[in-house]
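Here is how names work: the chains are called A, B, and so on, in the same order as the sequence lines, proteins then strands, and each is numbered from 1.
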Number of protein chains: 2
Amino acid sequence: MRPTTKDLAKAAGVSLATVDRVLNERPNVSARTVKKVQDAIERIGFVRNIAAVNLARNRTYRFRFVLPEKGDQYLKELLREVAAANAALKPDLVSVDVAQVAIEDPHAVANYLSSLEAGAVDGVAVMAPESPQARDAMSRLCERGIKVVQFLSGQENLEKLDFVGVDNVAAGATAGRIMGRFSAGRAGKILIVAETILSQDSIKRRLGFDRVINRCFPGLRSLPTLETHSDLERAARIVKTAFDHNPDIVGVYVVSPEARVPLEAIARFADLKKFVVVAHERTPFSEQALREERVDAIIAQNPGHAVRSAIRILRARADHLEPVAAQERIRIEILLAENL
Amino acid sequence: MRPTTKDLAKAAGVSLATVDRVLNERPNVSARTVKKVQDAIERIGFVRNIAAVNLARNRTYRFRFVLPEKGDQYLKELLREVAAANAALKPDLVSVDVAQVAIEDPHAVANYLSSLEAGAVDGVAVMAPESPQARDAMSRLCERGIKVVQFLSGQENLEKLDFVGVDNVAAGATAGRIMGRFSAGRAGKILIVAETILSQDSIKRRLGFDRVINRCFPGLRSLPTLETHSDLERAARIVKTAFDHNPDIVGVYVVSPEARVPLEAIARFADLKKFVVVAHERTPFSEQALREERVDAIIAQNPGHAVRSAIRILRARADHLEPVAAQERIRIEILLAENL
DNA sequence: GGCAAATTGAGGTACGCACCTCAAAAAATG
DNA sequence: CATTTTTTGAGGTGCGTACCTCAATTTGCC
């Protein structure tokens, strides 16, 4: 039988009240007594029963994901995963919801975060680009006792905050390696498309990508990043210009998470199958494109894993526990048609 | 405030005892009353508090992983992950241990499984190749009320059993695609090495591999599978013969999970860097080899995910719940030096 | 209508722990 | 030494649910 606090009290030669004081770090316990209890914990292998703890504390967890207002398919996947997690974790007294904010506006993000009260939410997962305003707002949230994790974006700014997501330099490097090796030794240029070059994430990916291309694939050269601003017409125009000026394009790398706009733009006047196409994030569009060989590889971070990981971390922090680091590292996935 | 059974009773206009009867599917409740309670559950959004349920039931979960007796580094990883899961889940009243059995002997597996008593274990995760004996033993375990999942091996034999692991045909196909595209259009032969060709897993991987190679890469041709039987000397001998007979080998595909023996055998007389080398499973050896470019890609199934997934499934089954399918699919990972 | 059977209600105990109060004992202080 | 302060113990209540018993009520059947 599993030892209970009662057994622990007996083993330590103290009363239940004292065991309680030690376990919950209440004041007025002598160092000697603390040690007696801790030794007994070791000796009999006492482990707190979380179910009982949560029941007695009558604890619930309310977490919120702060996500972009605008987006395409990847955002939809994230919303779906949050909703799924909310349903799945209800029996565990965890409730999760979403606030959609104009994350491209640092003031909007900061305002929203400042408006949160500790009574309303126990933790937030924030997906917002780096900005001094957002950074300050997050710090202030922490001070008010609300746990914060940075979600899929902006891992640079606050080391003391947990981060859920991939190392974007490595993700870019992975894309670069795939691009290089899939090019089968051909020489030429690589078209690089992003939604905006202002995003730190895109900058990092490009950095990793270029590093690998330059170091390992001398026949290939990356062109300057084109910006779509999520505008199909604009994208088609500038992409066409790029193709006209560079007849020797052998590959296309879509840096930003929503690949639909840039790839549909290119498909208007070129056959994607003729290039090595690497994109980020699995969405219905990119999945379909991979199946039809219009895309050769997708570099992805699993949104379901990311959401669940963020929740586990918030919960651990709320309980003053250390998250299990190994389990929480989000992998950089490489998706081909065969391992979808 | 979250509704409790008390609130539910009031909302349904019945007593607590009746709510209890409905929730736990006890007999002697009229259909009309059941409906009243279920409607009320919907209406007020009642969700059972798992912490309280487990506490009241005083439930504990004892699971066992049945793993091979002999093995190399991948087995070690599995053992490590099981131990880690055991430590991490202790507060949740889950205990996990390992029994190492000579899984290559169907009788040994069957004997071991038959010896398990329902009182000692609530569920087992069995990693054993397909065999009528093992199959029967698993079925009988189920009948005795012990939950069973097939772990990383043998998904064909019993559809009614849960399976944790990847589709090995797809894993082989993924390896084939990587092999083909990384070969950069060169023509030649591919050396294929397995520990034994008797394993269903290896057969399936080879099947998927060949399918992709034959269909998509006409310049490449797979050689017959060589068997190492985990014997370095033997492996070195037969591998050398193969290289002598086939000077146009461009790639090496190690089908079985433990890549150390075959690759060290080859490295004795050839430079692995000159070939495209694809292997399965991440181990300290394969990871190091990938870093040093002696291996070009690793196709892996994350042992940590697999272990945790098996446990979640066993737990769900023990509670008569349906596991969350989406979360439990083990991904076929492609590892390069960049996304380790 | 009378009877048995099925259904429902009331109330209790237990699970392991948190958190509270009050009193008793021990230690520190002067 | 007496006094204050710190430490410890004893005991209670409650968290939300499971599971049990016994009595009361309703239903179905002949």
Check your understanding: Nearest nucleotide by nearest heavy atom, which residue falls closer to the 5' end of DNA chain C, A:Val53 or B:Thr33?
Key -> B:Thr33
Review point. How do B:Leu55 and B:Gly13 order along DNA chain C: which one's closest nucleotide is nearer the 5' end?
Key: B:Gly13
Check your understanding: What's the CZ-P distance between A:Arg48 and D:dC15, to the nearest Å?
Key -> 20 Å
Revision key, fill the gap. Between B:Ala56 and A:Arg32, the residue closer to the 5' end of DNA chain D by nearest nucleotide is A:Arg32
Review point. Roughly how many Å is it from CG in B:Leu23 to C1' in D:dG16, rounded to a whole number?
Key: 12 Å
Point to revise | DNA chain D: 5'-proximal contact among A:Val34 and B:Ala52 (nearest heavy atom) | key: A:Val34
Check your understanding: What is the distance, rounded to the nearest whole Å, between atom NZ of A:Lys35 and atom P of D:dT7?
Key -> 18 Å
Practice item. Answer with yes or no whether the side chains of A:Tyr61 and A:Asp319 bring together a donor and an acceptor at under 3.5 Å. Key: yes
Review point. What integer distance in Å separates B:Arg26:CZ from D:dA18:P?
Key: 7 Å
Exercise for review: Please state how far atom CG in A:Leu16 lies from atom C1' in D:dT13, giving the value in whole angstrom units.
Suggested key: 14 Å
Review point. If you check every side-chain atom of B:Met1, which of D:dG16, C:dG16, C:dC19 has the closest atom?
Key: D:dG16
Exercise for review: Please state whether the base of D:dG14 and the side chain of A:Arg57 form at least one donor-acceptor pair under 3.5 Å?
Suggested key: no
Check your understanding: Between the side chains of A:Gln301 and A:Glu281, is a donor N or O closer than 3.5 angstrom to an acceptor N or O?
Key -> yes
Check your understanding: Under the 3.5 Å rule, do the base of C:dG16 and the side chain of A:Arg2 count as making a donor-acceptor pair?
Key -> no
**Study point:** Donor-acceptor contact below 3.5 Å, side chain B:Arg312 vs main chain B:Val324
**Key:** no
Review point. Can you name the one residue among B:Ile41, B:Val14, B:Val29, B:Leu8 that meets side-chain contact (heavy atoms from CB on, under 4.5 Å) with B:Val22?
Key: B:Val29
Study note, to complete from the structure: note: A:Asp20, atom CG; C:dC17, atom P; distance rounded to Å ~ 11 Å
**Study point:** Side chain of B:Phe46 - closest among D:dT7, C:dG11, D:dT17
**Key:** D:dT17
Point to revise | Whole-Å gap separating C1' (D:dG11) and NZ (A:Lys6) | key: 12 Å
Exercise for review: Could you state the atom-to-atom distance from CD1 of B:Ile50 to P of C:dG16 in whole Å?
Suggested key: 18 Å
Study note, to complete from the structure: B:Asn58 has its side chain closest, among C:dG9, C:dA6, C:dG16, to C:dG16
Practice item. Return no unless some side-chain N or O of B:Thr5 is found under 4.0 Å from OP1 or OP2 of D:dT17. Key: yes
Practice item. With heavy atoms under 4.0 Å as the rule, sort A:Asn28 into base, sugar-phosphate or nothing. Key: base
**Study point:** Under-4.0 Å salt bridge between A:Arg80 and A:Glu77
**Key:** yes
Check your understanding: When you measure from the side chain of A:Val14, which nucleotide among D:dA18, D:dG9, C:dA18 comes out closest?
Key -> D:dG9
